[in-house]
Amino acid sequence: MTDTGKEKLVADVRSFKLPRYHQIPTVGLYLEQVTRYISDMLAPIQENCITNSMVSNYVKKKLIINPYKKQYDRDQIAYLIFIAAAKSVLSLDDLKQMIELQQKTYSPQKAYDYFCVELESALAYVFGLSQTPAEIGTDPFDEKTMLRSVVFALSNKIYLEKCLAVIREEGIPAQEAGNDARTRYQGNDICEQDQSNGALTPDQEEAISD
């Protein structure tokens with residue numbers, strides 16, 4: 001992969017940042033506003049991640065509660081951002097179970113902000129922008145470990161998709177591309193990483209301090 005290709009690979013991830021809970025609109029949003037808002041937020045890492053019909057299906061499947069007067073509040077939007085991102089690595093049934101487990105352990109605000117920081121940290125690590133994933137919080141709950149597994153699965157999927165897109169654009173020979181991708185994957189084997197040295201940025205600390 002050329003230097004230009006490598007820069008294209010990380011450009012979107014370098015600047016990617018999800019809105020924190022307190023930054024999500026407090027006024028109710030109608031369906032089309034919700035899908036446009038979430039699509040814009042996730043566009044750097046995922047395209048066409050949510051549609052009106054998808055949201056209606058999530059309500060029908062009881063992943064989120066019914067909108068009030070056809071408007072979605074901050075909690076519902078936070079859940080939808082998580083669902084829109086994670087649905088590529090989890091089934092709807094698994095997503096529903098994850099949300100139910102979260103509701104027994106954390107408030108929507110804390111759970112969502114954890115997700116934001118974890119995803120941004122995992123993406124930076126998988127794309128080679130940081131040496132170690134940040135160690136976020138000290139809670140002993142299994143739900144935290146499960147969330148980390150979800151965001152790393154998602155981050156590796158995004159990395160692979162972006163890698164293949166750059167490879168197609170540059171016309172890199174298959175063997176060279178395979179060697180490059182294999183090197184990155186081996187370097188990101190989180191099962192063998194010592195994560196104890198991961199450090200939070202001031203923004204990350206602030207995001208989960210509420």
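Quick caveat, the model's predicted, so the values are computed rather than measured.
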Same cluster (ILVMFWY, side-chain, under 4.5 Å), Leu31 and Ile65:
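No, Leu31 does not connect to Ile65 through the hydrophobic network.
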Decide whether Leu80 and Tyr30 are clustered together by the hydrophobic rule: side chain heavy atoms of Ile, Leu, Val, Met, Phe, Trp, Tyr closer than 4.5 Å, transitively.
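Different clusters: Leu80 never reaches Tyr30 through Ile, Leu, Val, Met, Phe, Trp or Tyr contacts under 4.5 Å.
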Do you know the tightest heavy-atom contact between [X] and [Y]?
| X | Y | answer |
| --- | --- | --- |
| Ser88 | Gln46 | OG-NE2, 3.5 Å |
| Lys162 | Pro44 | NZ-O, 3.0 Å |
| Lys87 | Met54 | CE-SD, 3.9 Å |
| Val10 | Phe127 | CG1-O, 3.6 Å |
| Ala86 | Val150 | CB-CG1, 4.0 Å |
| Cys49 | Ser39 | SG-CA, 4.2 Å |

Kindly indicate, with the supporting measurements, whether the criterion side-chain contact (heavy atoms from CB on, under 4.5 Å) is fulfilled by Glu7 and Arg14.
CA-CA 10 Å; Glu7 181 54 37; Arg14 195 190 300 279; 3.3 Å; yes
Please assess Tyr68 against Gln76 for the test side chain to side chain donor-acceptor pair (under 3.5 Å), listing each intermediate value before the final yes or no.
CA-CA 11 Å; Tyr68 179 69; Gln76 291 166 306; over 6 Å; no
Does some side-chain heavy atom of [Y] sit less than 4.5 Å from a side-chain heavy atom of [X]?
| X | Y | value |
| --- | --- | --- |
| Leu119 | Ile45 | yes |
| Thr35 | Tyr72 | no |
| Ile81 | Cys116 | no |
| Tyr159 | Leu123 | no |
| Asn52 | Val34 | no |
| Lys61 | Asp93 | no |
| Leu63 | Tyr79 | no |
| Glu120 | Lys17 | yes |

Whether [X] side chain and [Y] backbone form a donor-acceptor pair below 3.5 Å:
| X | Y | value |
| --- | --- | --- |
| Asn57 | Ser53 | no |
| Ser121 | Glu118 | no |
| Gln33 | Tyr37 | no |

side-chain contact (heavy atoms from CB on, under 4.5 Å) evaluation trace for Ile83 with Ile64
CA-CA 10 Å; Ile83 293 167; Ile64 61 171; 4.1 Å; yes
Under 4.0 Å between a Lys/Arg side-chain N and an Asp/Glu carboxylate O for Lys157 and Glu161?
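Here Lys157 pairs with Glu161 in a salt bridge, since their nearest N and O are under 4.0 Å apart.
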Just verifying a value: how many Å separate [X] [atom1] and [Y] [atom2], rounded to the nearest 0.5 Å?
| X | Y | atom1 | atom2 | value |
| --- | --- | --- | --- | --- |
| Leu101 | Gln97 | CG | CD | 5.5 Å |
| Gln103 | Asp75 | CD | CG | 9.5 Å |
| Gln102 | Ser107 | CD | OG | 7.5 Å |
| Lys62 | Lys60 | NZ | NZ | 11.0 Å |
| Gln109 | Arg20 | CD | CZ | 11.5 Å |
| Phe115 | Leu154 | CZ | CG | 6.5 Å |

Would you please indicate yes or no on a ring centroid separation below 6.0 angstrom for Tyr112 and Phe82?
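Phe82 vs Tyr112: aromatic centres not under 6.0 Å.
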Please test Leu95 against Tyr58 for side-chain contact (heavy atoms from CB on, under 4.5 Å), starting from the C-alpha separation and ending with a verdict.
CA-CA 10 Å; Leu95 280 168; Tyr58 301 149; 5.8 Å; no
Around Asn48, counting heavy atoms of other residues, nucleotides and ligands shown, do more than 12 lie under 6.0 Å from its CG?
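No.
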Set out, in order, the CA-CA distance, both residues' side-chain angles and the distance that settles side-chain contact (heavy atoms from CB on, under 4.5 Å) for Val55 and Ile38, then state yes or no.
CA-CA 11 Å; Val55 175; Ile38 296 175; 5.9 Å; no
